[in-house]
Amino acid sequence: MRWLRLAIGLFIAFQAYELQNGLLGLMAGLFLFQALANAACCGPAGCGIEPRKSNSAASDEVEFEEIKTK
């Protein structure tokens, strides 16, 4: 993701320079900062989820009911 942010930031920075657009320059700065600092909107690895905790000691027994048809 860092390489993608860097590529996007460089592309937007080039476009901002070509078009003389300050808003695009700010957006390019945001993408370049994220790429160089390894920071995202949620921080590094902020979007990761916690692994599911498995409790093998507490297993539920499944009950089956037999259905007879004629």
Side-chain angles (χ1 to χ4, degrees):
M1 285 305 294
R2 290 179 77 175
W3 292 107
L4 180 64
R5 287 187 201 116
L6 181 65
I8 291 171
L10 290 174
F11 177 75
I12 294 174
F14 178 74
Q15 289 297 316
Y17 178 75
E18 287 283 319
L19 299 174
Q20 299 294 317
N21 192 335
L23 186 61
L24 278 178
L26 289 174
M27 190 185 316
L30 174 69
F31 276 100
L32 291 173
F33 169 75
Q34 286 181 347
L36 296 175
N38 195 23
C41 297
C42 303
C47 296
I49 58 172
E50 294 182 16
R52 177 191 267 182
K53 295 179 182 178
S54 63
N55 190 359
S56 60
S59 63
D60 295 331
E61 292 212 18
V62 179
E63 294 183 24
F64 294 100
E65 182 177 333
E66 187 173 328
I67 301 175
K68 295 182 180 182
T69 61
K70 290 185 180 182

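Everything quoted here is computed from the prediction, not taken from an experiment.
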ask   = What is the minimum heavy-atom distance between Ala28 and Ala13, and which atoms define it?
value = CB-N, 3.4 Å
How would you list, by chain and number, every residue that makes a side-chain contact (heavy atoms from CB on, under 4.5 Å) with [X], sequence neighbours excluded?
X: Leu4; result: Met1, Ile8
X: Leu19; result: Gln15, Asn21, Leu24
X: Phe14; result: Glu18

ask   = Would you find a donor on one side and an acceptor on the other, under 3.5 Å apart, between the side chain of Arg2 and the backbone of Ala35?
value = yes
ask   = Could you give the distance from CD1 (Ile12) to CG (Leu30), rounded to the nearest 0.5 Å?
value =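 If we round to the nearest 0.5 Å, Ile12:CD1 and Leu30:CG are 9.0 Å apart.
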ask   = If you link I, L, V, M, F, W and Y whenever their side-chain heavy atoms are under 4.5 Å apart, who else ends up in the same group as Val62?
value =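 Answer for Val62: Phe64.
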ask   = Which hydrophobic side chains are connected to Leu32, either touching it within the sub-4.5 Å cutoff or through other members that do?
value =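 Cluster partners of Leu32: Trp3, Leu6, Leu10.
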